[in-house]
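So you know, we letter chains A, B, ... as the sequences are listed, proteins then strands, and number each from 1. For the numbers below, each heavy atom of this structure counts, side chains included, while hydrogens, waters and symmetry mates do not. The structure displayed is predicted, hence computed values, not measured ones.
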Protein chains: 2
Amino acid sequence: MKNTIRVERAKLEISQQELAEKVEVSRQTIHSIERGKKTPSVELAIRMARYFKIPVEELFIIE
Amino acid sequence: MKNTIRVERAKLEISQQELAEKVEVSRQTIHSIERGKKTPSVELAIRMARYFKIPVEELFIIE
DNA sequence: TCATTATGTAAATAATAGTTTACATTTGGT
DNA sequence: ACCAAATGTAAACTATTATTTACATAATGA
């Protein structure tokens, strides 16, 4: 599974740290999800997608 | 977080067992997610939503 | 160069998701 | 009432996510 977190962050010009604060997880959590090392819960995924104002399916793509 | 799995299952008239097979997890996993005891990974959530042909955000609702 | 901010890596731990098995209860049909 | 299928509950176990801390390495600007 891949994701577009990095691109979405770039659009808004926010750091992993800032995103982490916005969705209320640690920076490491954002980091490992962004790098595809971990898969978030649907709850966290929804919070992230909601923050970026895009559908979950656009932020996380199953290949 | 609540979900509409039961309603979606009802629409298609399929059992927890059948859904479990479709998305390739155990019936217990479906059961505990449906009852809100566990939160699925975004990957499983996407598989379920895809199967029901609805957005993830419609299947899982953060209150 | 120096300081600062952002990102990468790693490792130990806690918390939670998902599996498996087994049995109880409910529901619907005959 | 009986049978079968569906659903509920539970417990032990494994796998994975998320936290925390710490340090290394870019990258950027003063």
Side-chain angles (χ1 to χ4, degrees):
Chain A
M1 203 186 52
K2 68 190 187 74
N3 69 77
T4 60
I5 299 171
R6 182 158 282 245
V7 198
E8 294 303 324
R9 275 204 305 113
K11 286 184 193 167
L12 303 187
E13 294 184 65
I14 60 162
S15 65
Q16 295 177 340
Q17 180 63 52
E18 287 175 284
L19 176 56
E21 282 159 13
K22 292 297 184 180
V23 299
E24 292 177 304
V25 287
S26 68
R27 179 179 71 86
Q28 284 316 311
T29 296
I30 297 297
H31 181 258
S32 48
I33 292 170
E34 181 170 308
R35 297 227 108 208
K37 301 208 170 187
K38 296 196 176 160
T39 305
S41 65
V42 68
E43 184 162 349
L44 177 51
I46 291 174
R47 290 211 302 276
M48 295 174 95
R50 188 178 281 180
Y51 175 75
F52 289 130
K53 297 186 168 58
I54 61 174
V56 168
E57 289 86 346
E58 260 180 51
L59 194 56
F60 296 95
I61 299 109
I62 299 179
E63 55 256 20
Chain B
M1 203 185 53
K2 67 188 185 75
N3 68 77
T4 59
I5 299 171
R6 182 160 283 251
V7 195
E8 294 303 324
R9 274 203 307 112
K11 285 185 194 168
L12 303 187
E13 293 185 66
I14 59 163
S15 65
Q16 294 177 341
Q17 180 63 52
E18 286 176 284
L19 175 56
E21 283 160 13
K22 293 296 183 181
V23 299
E24 291 176 306
V25 287
S26 69
R27 179 180 70 88
Q28 284 317 311
T29 297
I30 297 297
H31 180 259
S32 49
I33 291 170
E34 183 171 306
R35 296 228 108 207
K37 301 207 169 188
K38 298 198 175 157
T39 305
S41 65
V42 68
E43 183 160 349
L44 176 50
I46 291 174
R47 290 210 303 274
M48 295 174 94
R50 187 178 282 180
Y51 175 74
F52 288 130
K53 296 187 169 58
I54 62 175
V56 168
E57 289 86 345
E58 260 178 53
L59 194 55
F60 297 95
I61 298 110
I62 299 179
E63 56 256 22

Spacing between A:His31 atom NE2 and C:dA6 atom P, to the nearest angstrom: 14 Å
A:Glu43 has an atom CD; how far is it from atom C1' of C:dA15, in whole Å? 14 Å
Using a heavy-atom distance cut-off of less than 4.0 Å, which residues of residues 6-22 of chain A contact DNA chain D? none
Side-chain (B:Glu18) to main-chain (B:Ser15) donor-acceptor, under 3.5 angstrom: yes
May I ask whether B:Ile54 and B:Ile61 are part of the same hydrophobic cluster, defined by side-chain heavy atoms of I, L, V, M, F, W, Y residues being less than 4.5 angstrom apart, directly or through others? no
Could you please spell out the steps behind the side-chain contact (heavy atoms from CB on, under 4.5 Å) verdict for B:Leu44 and B:Ile33? CA-CA 11 Å; B:Leu44 176 50; B:Ile33 291 170; 3.7 Å; yes
Roughly how far, to the nearest 0.5 Å, is the OG1 atom of A:Thr29 from the NZ atom of A:Lys38? 7.0 Å
Could you grab the distance from atom CZ of B:Arg50 to atom NZ of B:Lys22, nearest 0.5 Å is fine? 15.0 Å
Roughly how far, to the nearest 0.5 Å, is NZ of A:Lys37 from NE2 of A:His31? 7.5 Å
Between A:Glu57 (side chain only) and B:Val56 (backbone N and O only), is there a donor and an acceptor less than 3.5 Å apart? yes
Please report, rounded to the nearest Å, how far the C1' atom of C:dA11 is from the NZ atom of A:Lys38. 10 Å
Return the value, rounded to whole Å, for the distance between atom CD1 of B:Ile33 and atom P of C:dA17. 9 Å
Atom OG1 of B:Thr4 and atom CD of B:Glu8: how far apart are they, to the nearest 0.5 Å? 4.5 Å
Chain A vs DNA chain D, heavy-atom contacts under 4.0 Å, first-to-last nucleotide span, 5' to 3', is D:dT17 to D:dA22
Using five base pairs at each end to define the local axes, how bent is the helix from C:dT1-D:dA30 to C:dT30-D:dA1, to the nearest 10°? 50°
For a quick check of understanding: with a heavy-atom distance under 4.0 Å over all strands, which category does A:Ser32 fall into, base, sugar-phosphate or nothing? nothing
What's the CD1-C1' distance between A:Ile5 and C:dA6, to the nearest Å? 16 Å
How long is the span from the CD atom in B:Glu24 to the OH atom in B:Tyr51, to the nearest 0.5 Å? 12.5 Å
If I take atom CZ in residue B:Arg35 and atom C1' in nucleotide C:dT25, what distance separates them, rounded to the nearest angstrom? 12 Å
Mind calculating the distance between CZ (A:Arg27) and P (C:dA10) to the nearest angstrom? 14 Å
Would you say B:Thr29 places a side-chain N or O within less than 4.0 Å of OP1 or OP2 belonging to C:dT19? yes
Verify side-chain contact (heavy atoms from CB on, under 4.5 Å) between A:Phe52 and A:Leu19, making sure each step is shown before the conclusion. CA-CA 10 Å; A:Phe52 289 130; A:Leu19 176 56; 3.8 Å; yes
Using the side-chain contact (heavy atoms from CB on, under 4.5 Å) rule, pick out the option among A:Met48, A:Glu43, A:Met1 that qualifies with B:Val42. A:Met1
